Amino acid sequence: MLTVRAPATSANLGSGFDVFGVALGRPADVVRVERAPETAITVTGAGSQYIPEDPAKNTVGAVADALDAPARIRIDKGVRPSSGLGSSASSAAAAAVALNELYDRGLSRRELVPIAAEGEALVSGEAHADNVAPSLLGGFTVVTDDGVTQIDASIPVVACLPDMAVSTRDAREVVPERAHMSDVVDTVGSAATLTIGMARNDPELVGRGMEDEIVTPERSALIDGYDRVREAAFEAGATGVTVSGAGPGVLATCYRSDRRAVAAAMVEAFDAVGVDSRAYQTVVGDGARLYTE
Ligand SMILES: Nc1ncnc2c1ncn2[C@@H]1O[C@H](COP(=O)(O)OP(=O)(O)OP(=O)(O)O)[C@@H](O)[C@H]1O
Ligand SMILES: N[C@@H](CCO)C(=O)O
């Protein structure tokens with residue numbers, strides 16, 4: 001049996017809609033695979049009651065198909081679905097690494113990105129790779145039509161997940177079709193600042209570079225208490241705050257010494273508007289890891 005742990009991820013980072021992503025130290029999905037004549041899936045863990053075990057509806061089923069690698073697949077969910085931390089992508093990335101090894105397909109992590117993205121096409125209608133790329137490769141990733149660029153990075157973050165669900169499919173409906181040139185110019189400036197921040201491991205630059213006036217204002221309106229949580233995080237020392245992925249999770253960057261206070265402030269602010277939440281104090285970290293038993 002082969003076991004793979006694949007991390008949660010946060011896509012977009014404000015200014016990099018459908019382009020930027022980071023791997024998070026935690027939470028993570030753990031996927032175990034064994035050869036079988038036909039694919040069969042079982043799901044346990046966080047939010048498993050909302051996740052189909054039918055291979056035709058689960059992201060790992062799409063990956064098994066794409067690799068022509070039928071298997072008995074057990075998914076232990078650490079990443080809650082529809083929370084903004086790329087839950088469906090974590091399972092897909094883990095399955096891609098595990099099945100590639102199980103069937104000796106010999107594909108590199110980069111070659112596995114489009115295969116894992118097949119799972120995303122199944123659940124959100126588009127094979128966007130901004131969650132599967134960091135889950136496979138780790139660090140900070142930039143996904144474009146030309147491929148994936150990756151650098152290792154180590155930025156402390158808080159991912160605060162309110163107890164509500166926003167599906168990626170719904171959150172894509174509110175993305176504006178057009179933008180003002182002045183907002184585009186500001187967002188390009190932010191994205192460039194963030195990229196330099198990642199290269200320098202500088203939480204100040206990364207935080208400033210998450211500002212975006214195009215997609216985030218529309219998406220944040222779907223999250224009860226967002227403005228209050230954002231303000232509370234900044235008051236507690238956050239260097240930047242944005243919607244994590246398609247939401248409703250909220251991502252804050254900070255210095256390590258402020259991380260605990262930022263997490264507490266975010267949970268308290270959600271609580272003040274009657275929303276329970278859970279904050280992960282974590283860091284931009286490694287990609288999927290394979291264990292053999
Ligand atoms: N292995 C899987 N893990 C999680 N969700 C899955 C899986 N397979 C299928 N799904 C379905 O995918 C949907 C969740 O995907 P969605 O893109 O909305 O959230 P997400 O993967 O957590 O990403 P985001 O970061 O955008 O919130 C749910 O409807 C869920 O049932
Ligand atoms: N870039 C995608 C990621 C979803 O997790 C979106 O924001 O719709």
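Every number for a ligand or one of its atoms is a count from 1 in the order of the listing. Here the structure is a predicted model, which is why all the values come from computation and not from measurement. All heavy atoms count here, side chains included; hydrogens, waters and symmetry mates do not.
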**Message:** Is there a side-chain contact between T195 and F20 in this structure, where contact means two heavy atoms from C-beta onward sitting under 4.5 Å apart?
**Reply:** yes
Name each N or O atom in ligand 1 that is under 3.5 Å from a protein N or O, and give the partner atom and the distance.
| residue | atom | partner | partner atom | Å |
| --- | --- | --- | --- | --- |
| ligand 1 | 1 (N) | N58 | OD1 | 3.0 |
| ligand 1 | 1 (N) | T59 | OG1 | 3.3 |
| ligand 1 | 1 (N) | S91 | OG | 3.1 |
| ligand 1 | 3 (N) | K77 | NZ | 2.9 |
| ligand 1 | 8 (N) | N58 | OD1 | 3.4 |
| ligand 1 | 8 (N) | T59 | N | 3.1 |
| ligand 1 | 17 (O) | T168 | OG1 | 2.6 |
| ligand 1 | 18 (O) | S82 | OG | 3.2 |
| ligand 1 | 18 (O) | T168 | N | 3.2 |
| ligand 1 | 18 (O) | T168 | OG1 | 3.4 |
| ligand 1 | 19 (O) | S82 | N | 3.2 |
| ligand 1 | 21 (O) | S87 | N | 3.2 |
| ligand 1 | 21 (O) | S88 | N | 2.7 |
| ligand 1 | 21 (O) | S88 | OG | 2.5 |
| ligand 1 | 22 (O) | S82 | N | 2.8 |
| ligand 1 | 22 (O) | S87 | N | 3.1 |
| ligand 1 | 25 (O) | L85 | N | 3.3 |
| ligand 1 | 25 (O) | G86 | N | 2.7 |
| ligand 1 | 26 (O) | T168 | OG1 | 2.5 |
| ligand 1 | 27 (O) | G84 | N | 2.8 |
| ligand 1 | 31 (O) | Y50 | O | 2.8 |

From the list V158, V243, L161, V241, side chain to side chain contact (heavy atoms under 4.5 Å, CB included) with V250 holds only for V241
Pairwise, report which nitrogen or oxygen atoms of ligand 2 are under 3.5 angstrom from protein nitrogen or oxygen atoms, and how far apart they are.
| residue | atom | partner | partner atom | Å |
| --- | --- | --- | --- | --- |
| ligand 2 | 1 (N) | N12 | OD1 | 3.0 |
| ligand 2 | 1 (N) | D18 | OD1 | 2.5 |
| ligand 2 | 1 (N) | D130 | OD2 | 2.5 |
| ligand 2 | 5 (O) | N131 | OD1 | 2.9 |
| ligand 2 | 7 (O) | N12 | ND2 | 2.7 |
| ligand 2 | 7 (O) | R219 | NH1 | 2.9 |
| ligand 2 | 7 (O) | R219 | NH2 | 3.3 |
| ligand 2 | 8 (O) | R172 | NH1 | 2.6 |
| ligand 2 | 8 (O) | R219 | NH2 | 3.0 |

**Q.** Crowding at CZ, R289 (>12 non-hydrogen neighbours, <6.0 Å)
**A.** no
4.5 Å side-chain heavy-atom contact, M181 and V185: yes
Under a 4.5 Å cut-off applied to non-hydrogen side-chain atoms, are L85 and T9 in contact?
no
Q. Can E120 and T59 be counted as having a side-chain donor-acceptor contact under 3.5 angstrom?
A. no
Checklist entry - Passes side-chain hydrogen bond (donor to acceptor under 3.5 Å, both in side chains), S82 versus S167? Steps please. => result CA-CA 5 Å; S82 300; S167 81; 5.9 Å; no
Output, in order, the C-alpha distance, side-chain angles, deciding distance and verdict of side-chain hydrogen bond (donor to acceptor under 3.5 Å, both in side chains) for K77 and S91.
CA-CA 8 Å; K77 296 296 301 178; S91 293; 2.9 Å; yes
### Task
Test D212 against S15 for side-chain hydrogen bond (donor to acceptor under 3.5 Å, both in side chains), laying out the working first.
CA-CA 5 Å; D212 147 59; S15 59; over 6 Å; no
